[in-house]
Amino acid sequence: MNPQQLSETIVDALTALVADGAITLPDGVPTEVTVERPRQKGHGDYATNVAMQLAKKAGTNPRALAELVADRLRVSDGVSGVEVAGPGFLNVSVEAGAQGQVAADIVAAGAAYGSATTLAGEKINVEFVSANPTGPLHLGGTRWAAVGDALVRILQFSGAEVTREYYFNDHGAQLDRFSSSLLASARGREVPEDGYGGDYISEIADQVVTQRPDVTDLPDDEAQEVFRQVGVDLMFEEIKSDLHDFGVDFDVYFHEKSLHDSGAVDKAIERLTAMGNTYTEDGALWLRTEKYGDDKDRVIVRSNGTPAYISGDLGYYLDKRERGFDRCFILLGADHHGYVGRMMAMCAAFGDEPGKNLEILIGQMVNLLRDGQPLRMSKRNGTVISMNDLVEAIGVDASRYVLARYTNDTTIDIDLELWAKASNDNPVYYVQYAHARTCRMIGNATDLGMKLPGDGFDPALLAHERDGDLLRALAEFPRVVASATDLREPHRVARYLEDTASVFNKWYDTKECRMLPQGDEPVTPANEARLVLVHATQTVIANGLRLLGVSAPERM
RNA sequence: GCCCCCGUAGCUCAGCUGGAUAGAGCGAGAGACUUCUAAUCUCUGGGCCGCAGGUUCGAGUCCUGCCGGGGGCGCCA
């Protein structure tokens, strides 16, 4: 019996009480009730607060209602005991046999265990990273590469059809600064005002000169155009390649320029104008964003006739919607949180529902610490810390894991010494080690000729307290995936894996729970039952790590 | 000035969207290796959940106001 099944059992009990006239619920019986793992030993295997939630509606007090439900639950299949405690909690103990069955169910589900169909039919566009190709991918973008990719995997696991998209700004002034910086480097000049410095600039400049030797003899303005075209391509290819090595591949790389060239921006502006959401003032065209909750209205076409940056967003959003994405996610760094108001207003101005058709997730900054001191960065000096710097310091798995294990609202300080360590201090190694341990155990079992018992599996043999702890942890996985999906919080998967790895290690350390027979002892049904449990653990950890894009090594 | 995020053990952070005696890892102290992989486990100590009010059966969680830290507020992108 897993938590979902217990929830259904409790709903059945409530339904029966209503049918018998024992209680009345004016709003009807809830379709599901909260079932949680109590923190405290002695509070049963599972607890529910349903009596406290419904007492007022039922016109009774929580404890009295709890007693009625308890009487019903005690005779339900799979339930071994029920106690009413505290203000009206129901503490439920589950029969060992019913609980042990979870292990076999997990093994049967395999790589699909934890997946769901709750988002089936949803077409979701997740836009993330979207860094301009004016330099190597920085740490903020790296956070989104890890979190965004994990989020996509989680949404897919919950049944959604998801597209990974990278929006590439190749229309505005930022690339002018990049190309002028390349030009300055090639001609041995100082870094221009608002320009970019650093070794990568001179490296790209050298590559451009190698590809286009003629650039040396061109006048500045023509040369800069060559540096722009060739340099941007080189830089962008480098970013794509770095992301690929990081395990992140986008389905669509969308160029802002194409929106202006194709008329998509004009079309969006026409649409908004037709809806009465634009007006002209001081020679500029404005969007009525304040009407939809933004601080103030925004210019979309400047008085000199050139489109403002947000005009690309208008065209882009409309384009996504017309490509059939009912839900558009945009993942932004905290330095862009000021855009949320106008983007949501834009969404509403199109007649869409902010928060539903458009969701914007904000991630806080990332700092690297060495010897407890943050590493300082400067764009101009080219001392920005890149994804490659992080990967070189701690590896891809640790990088992805550390970036995905915190809430987006938390500023991350990465202690390079800790995350480079191959020890149990390092959470990613701790989780991976638990997986490797299951693989070794299964290998040992195979060497002894042990096989999964199949129909001969007796779940009631997983009756030790530590068996129960592990089974309940494994049974949580689908609920963790569900909450990570609903809340768009991949870090829940990482935290869950750490907890589950810990429960597994404690189980492993329990002499009564040995999976392998000792010495020359014959293989018992209990050994076989525990082999199922180890397989189930391996499945859960592997599935969880896969959602985070972190490898699950078989040996370490 | 206005907006967003954070404030929980010495440190780094969770806290399942209002539930029981607030948790984990690290650090500190004491233990367990003829092992199913000790990259592990066991035990001990450690807290006005920033402060003050409010909402209710119940608040780390929701509301208001302060304090402290970080980020953002352009006809830049």
Side-chain angles (χ1 to χ4, degrees), chain A residues 34 36-40 42-43 47 49 52-53 55-56 61-62 85-89 91 132 134 169 171-177 194 256 281-286 295-296 298-304 306-310 312 333-341 362-365 367 369 372 405-415 418 421-427 429-430 432-434 436-445 448 476 479-480 482-484 486-487 489 491-492 494-496 498-499 501-502 504-506 508-510 513-518 530 534 555-556:
Chain A
T34 303
E36 59 181 14
R37 262 198 306 176
R39 284 193 293 263
Q40 199 74 28
H43 287 166
N49 61 359
M52 290 181 284
Q53 300 282 4
K56 194 170 281 183
N61 68 69
F89 286 100
N91 293 333
N132 290 335
T134 55
N169 167 249
H171 191 256
Q174 212 147 76
L175 293 186
D176 293 340
R177 295 182 194 144
D194 292 329
E256 183 194 1
E281 191 175 292
D282 299 332
L285 186 67
W286 298 70
D295 300 336
K296 56 183 180 182
R298 305 288 171 177
V299 168
I300 51 181
V301 179
R302 289 186 278 256
S303 52
N304 66 8
T306 59
Y309 180 74
I310 193 176
D335 52 341
H336 287 84
H337 87 264
Y339 290 8
V340 174
I362 300 294
Q364 298 297 317
M365 310 273 116
N367 301 308
L369 302 184
R405 110 184 248 272
Y406 297 92
T407 60
N408 290 333
D409 292 336
T410 303
T411 304
I412 301 180
D413 293 318
I414 301 177
D415 180 333
L418 167 64
K421 253 195 259 184
S423 79
N424 60 322
D425 299 352
N426 183 338
Y429 279 89
Y430 184 80
Q432 289 181 317
Y433 183 75
R437 181 174 260 179
T438 62
C439 293
R440 171 58 69 94
M441 292 173 75
I442 290 166
N444 291 342
L448 279 180
E476 283 299 302
R479 302 207 296 177
V480 171
S483 76
D486 295 343
L487 301 172
E489 290 184 342
H491 81 278
R492 288 172 185 275
R495 300 293 175 155
Y496 164 79
E498 290 169 32
D499 180 53
S502 172
F504 170 68
N505 282 330
K506 288 171 171 53
Y508 172 86
D509 210 53
T510 305
C513 295
R514 274 189 66 96
M515 181 197 75
L516 290 180
Q518 274 185 303
R530 295 204 172 97
V534 172
R555 56 189 310 163
M556 294 173 71

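Residue numbers start from 1 in every chain, and the chains themselves are labelled A, B, ... in the order their sequence lines are given, proteins ahead of strands. Computed over heavy atoms, backbone and side chain alike; hydrogens, waters and symmetry mates excluded.
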For this session: Let me know which of A:T134, A:N132, A:N169 forms a side-chain hydrogen bond (donor to acceptor under 3.5 Å, both in side chains) with A:Q174.
Result: A:N132
Mind checking [X] for me? I need base, sugar-phosphate or nothing, with any heavy atom below 4.0 Å counting as a touch.
X      : value
A:T306 : nothing
A:R555 : base
A:T407 : sugar-phosphate
A:Y430 : sugar-phosphate
A:R440 : base
A:C439 : nothing
A:A436 : base
A:N91  : base
A:I362 : nothing

With rounding to whole Å, what would you report as the distance between [N] and [M] at their [atom1] atoms?
N     : M     : atom1 : answer
B:U8  : B:C2  : P     : 25 Å
B:G31 : B:G60 : C1'   : 34 Å
B:C26 : B:A9  : C1'   : 12 Å
B:C49 : B:C62 : C1'   : 16 Å

Exercise. 5'-most contact on RNA chain B: A:D425 or A:H43, nearest heavy atom basis?
Worked result: A:H43
Problem set entry | Residue whose closest nucleotide on RNA chain B lies nearer the 5' end, A:R177 versus A:N49 | A:N49
Which nucleotide in [options] has an atom nearest any side-chain atom of [X]:
X      : options             : result
A:A85  : B:A14, B:A20, B:C5  : B:A20
A:A422 : B:A14, B:C41, B:A39 : B:A39
A:L487 : B:C13, B:C5, B:U17  : B:U17
A:A47  : B:A14, B:A20, B:U42 : B:A20
A:H491 : B:A14, B:U37, B:C16 : B:A14

Reckon [X] has a side-chain N or O less than 4.0 Å from the OP1 or OP2 of [N]?
X      : N     : result
A:S423 : B:C26 : no
A:Y429 : B:U37 : no
A:N505 : B:C41 : yes

Where do N or O atoms of nucleotides 55-58 of chain B meet protein N or O atoms at under 3.5 Å, pair by pair?
from: B:C57; atom 1: OP1; to: A:K56; atom 2: NZ; distance (Å): 3.3

Nearest whole angstrom, please: distance from the [atom2] of [N] to the [atom1] of [X].
X      : N     : atom1 : atom2 : result
A:M556 : B:U37 : CE    : C1'   : 10 Å
A:K421 : B:A39 : NZ    : P     : 14 Å
A:E498 : B:C41 : CD    : P     : 12 Å
A:D409 : B:G70 : CG    : P     : 18 Å
A:D415 : B:G25 : CG    : P     : 18 Å

Protein-nucleotides 72-75 of chain B N/O pairs closer than 3.5 Å?
from: B:C75; atom 1: O2; to: A:S303; atom 2: N; distance (Å): 3.0
from: B:C75; atom 1: O2; to: A:S303; atom 2: OG; distance (Å): 3.0
from: B:C75; atom 1: N3; to: A:S303; atom 2: OG; distance (Å): 3.2
from: B:C75; atom 1: N4; to: A:D282; atom 2: O; distance (Å): 3.2

Every protein N/O lying under 3.5 Å from an N/O of nucleotides 8-11 of chain B:
none

Exercise. A:N505 versus A:R437: any side-chain heavy-atom pair under 4.5 Å?
Worked result: yes
Exercise. Can you name the residues that form a salt bridge (Lys or Arg N to Asp or Glu O under 4.0 Å) with A:D425, not counting sequence neighbours?
Worked result: A:K421
Problem set entry | Check: B:A14 base within 3.5 Å donor-acceptor of A:D499 side chain | no
Exercise. Looking only at N and O atoms, is any donor in the side chain of A:Y433 or the base of B:U37 less than 3.5 Å from an acceptor on the other one?
Worked result: yes
For this session: Would you check if A:F89 stacks with the base of B:A20, given a 5.5 Å centroid limit and a 30° plane limit, both strict?
Result: yes
Problem set entry | Conformer about C1'-N of B:U37 - syn within 90° of 0, anti elsewhere | anti
Exercise. What are the two closest non-hydrogen atoms of A:S502 and A:Y430, and how far apart are they?
Worked result: CA-OH, 3.0 Å
For this session: Check A:V299 against A:A284 and note the closest heavy-atom contact, atom names and distance.
Result: CG1-CB, 4.1 Å
Problem set entry | With sequence neighbours excluded, residues passing ring pair (Phe, Tyr, Trp, His ring centres under 6.0 Å) with A:H337 | none
For this session: Kindly express the pairing pattern of RNA chain B in dot-bracket notation, using | wherever a base pairs with another strand and counting only Watson-Crick or G-U pairs under 3.5 Å.
Result: (((((((..((((.....[...)))).(((((.......))))).....(((((..]....))))))))))))....
